[in-house]
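Structure first, commentary second.
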Amino acid sequence: MRRGVGLIAALLLAAGIVWLHRSGPAPEVASAAPVLQPGSVSIDDAGREHIDLATAEIVPASSEGTLAVIGRVLDPIPLVDAVLARDAAQAISEPARREVERVRELARDGQNASQRELETAETAWRRARLDLDAAQARLVANFGVELGERADLAALVSRVTTRRSALARVDLPAGVACPGPPAGVQLRMATGAARVVDATLLGEAPTTDPLLQARGWLALIEREPPAPGTALMGLLEVPALAGTGLRVPEDAVVRLDGGVFVYVERAHNAFERRAIQLESPLPGAWLATGAIAAGNRVVVQGAQSLLSAEHGAAHGGD
């Protein structure tokens, strides 16, 4: 056993990585895999080059930014069918309402309108209202409140049916959250075309993509729309992030024993592992808080090598 520990120590020294000290008292040995407390590790120039170590500066999290989205141009026919069904129900409901008013007026004046005629007219109106409510509910369920209740919906449908505009859906990747209602979206075709697609957000999609399982939004492409089915990609403009924190690159994050850490370079070739808390995802980074400050440089390449050296040195000292 002692010979194996000596071999590990020799390999670490050959790589130029030397254990300095652990911060705080050594953890009690409660199991075969004790939790490793935050500590420090040193590396010389040769060791740094050997593991190709790189660092990046921590900066305050931006108050706004973008999130990558993927999407597609939708077939306009389901929207057209839903709107026409709603309009047809409206066309029946309005005459039925006027008929009820006419029969009530005749009955009130003692003219030729019986109670049975009034009941028949009222029943027809109730049925027409139910049909209208059902058509409106289907429209909203499939296309959202913002789109389903637009005052200019008829004009929008006319534009998409004549291919002057197009309806699109964009979704965040699985596991990515948006901190609040987005301010806008920038789109282009996923085929590699450089042309930016002029799009306006219409509102949040009322359904979840069964594959992505993430939030989605509907958008209106108002000029030179691609054909239905065209794949899209782009950036969602997100609002101010909730809370405050620092922007920590994804590659700097190290996970160990249920904790989250980064290696901060506190002096040349001297690194300290510090605990952090991940608050919200950012593009290629995290909004984080903890034992870090703006201006700290964290290891973004080689962090796992430092962790292995620290862990091996901790076990070698037992």
Side-chain angles (χ1 to χ4, degrees), residues 1-61 173-177 245-318:
M1 177 64 182
R2 295 291 183 182
R3 182 179 301 172
V5 171
L7 178 58
I8 293 174
L11 291 173
L12 291 172
L13 289 172
I17 302 175
V18 182
W19 169 256
L20 286 184
H21 65 276
R22 286 196 297 267
S23 299
E28 296 181 0
V29 178
S31 66
V35 175
L36 188 63
Q37 298 298 319
S40 298
V41 63
S42 179
I43 183 172
D44 61 21
D45 289 338
R48 185 175 188 132
E49 183 177 356
H50 177 76
I51 63 175
D52 197 20
L53 188 142
T55 63
E57 183 178 350
I58 293 178
V59 297
V176 176
L246 300 170
R247 182 185 179 87
V248 174
E250 283 182 355
D251 293 337
V253 175
V254 175
R255 290 176 170 82
L256 176 68
D257 296 323
V260 183
F261 305 88
V262 292
Y263 277 98
V264 176
E265 188 170 19
R266 55 183 178 80
H268 181 62
N269 286 347
F271 303 90
E272 185 174 46
R273 181 166 54 87
R274 299 181 185 176
I276 62 171
Q277 294 79 46
L278 304 180
E279 305 293 344
S280 303
L282 299 171
W286 285 94
L287 174 69
T289 58
I292 51 176
N296 287 158
R297 296 196 68 83
V298 292
V299 177
V300 294
Q301 186 168 306
Q304 289 296 332
S305 296
L306 295 181
L307 180 62
S308 297
E310 184 183 353
H311 196 274
H315 280 283
D318 291 342

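Scope of the values below: all heavy atoms of this structure, side chains included, with no hydrogens, waters or symmetry mates. For reference, positions follow the sequence shown, starting with 1. Computed from a predicted structure; not experimentally measured.
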Report yes or no: do Asp44 and His50 form a side-chain donor-acceptor pair below 3.5 Å?
no

With distance as the sole test, does Asn269 use its side chain to make a donor-acceptor pair with the main-chain N or O of Ile43 at under 3.5 Å?
yes

Close side-chain approach of Thr55 to Tyr263, heavy-atom, < 4.5 Å
no

Is it the case that more than 12 heavy atoms not belonging to Glu49 sit under 6.0 Å from its CD atom?
no

Output all residues satisfying side-chain hydrogen bond (donor to acceptor under 3.5 Å, both in side chains) with Gln304, sequence neighbours left out; order by chain, then residue number.
none

A side-chain contact here means heavy atoms from C-beta on lying under 4.5 Å apart; do Phe271 and Leu53 qualify?
yes

Minimal non-hydrogen separation, Ile58 against Arg247, with atom names:
CG2-O, 3.8 Å

Those residues at least two apart in sequence (or on a different chain) that pass side-chain hydrogen bond (donor to acceptor under 3.5 Å, both in side chains) with Glu265 are Arg48

Which heavy atom of Ile51 sits nearest to which heavy atom of Gly302, and what is that distance?
CD1-O, 4.2 Å

Contacts of type side-chain contact (heavy atoms from CB on, under 4.5 Å), residue Ala294, not counting sequence neighbours:
Pro60, Leu246

Taking every non-hydrogen atom, the tightest pair across Ala252 and Val298:
CB-CG2, 3.7 Å

Determine whether Arg273 and Val41 satisfy the following criterion, side-chain contact (heavy atoms from CB on, under 4.5 Å), listing intermediate values before the conclusion.
CA-CA 8 Å; Arg273 181 166 54 87; Val41 63; over 6 Å; no

With sequence neighbours left out, write down each residue that passes side-chain hydrogen bond (donor to acceptor under 3.5 Å, both in side chains) with Asp251, or none if nothing qualifies.
none

So do His268 and Asp45 actually touch side chain to side chain, heavy atoms under 4.5 Å?
yes

Side chain of Arg266, backbone of Glu272: donor and acceptor closer than 3.5 Å?
no

Quick check: does any side chain N or O of Asp257 sit under 3.5 Å from a backbone N or O of Gly259, one acting as donor and the other as acceptor?
no

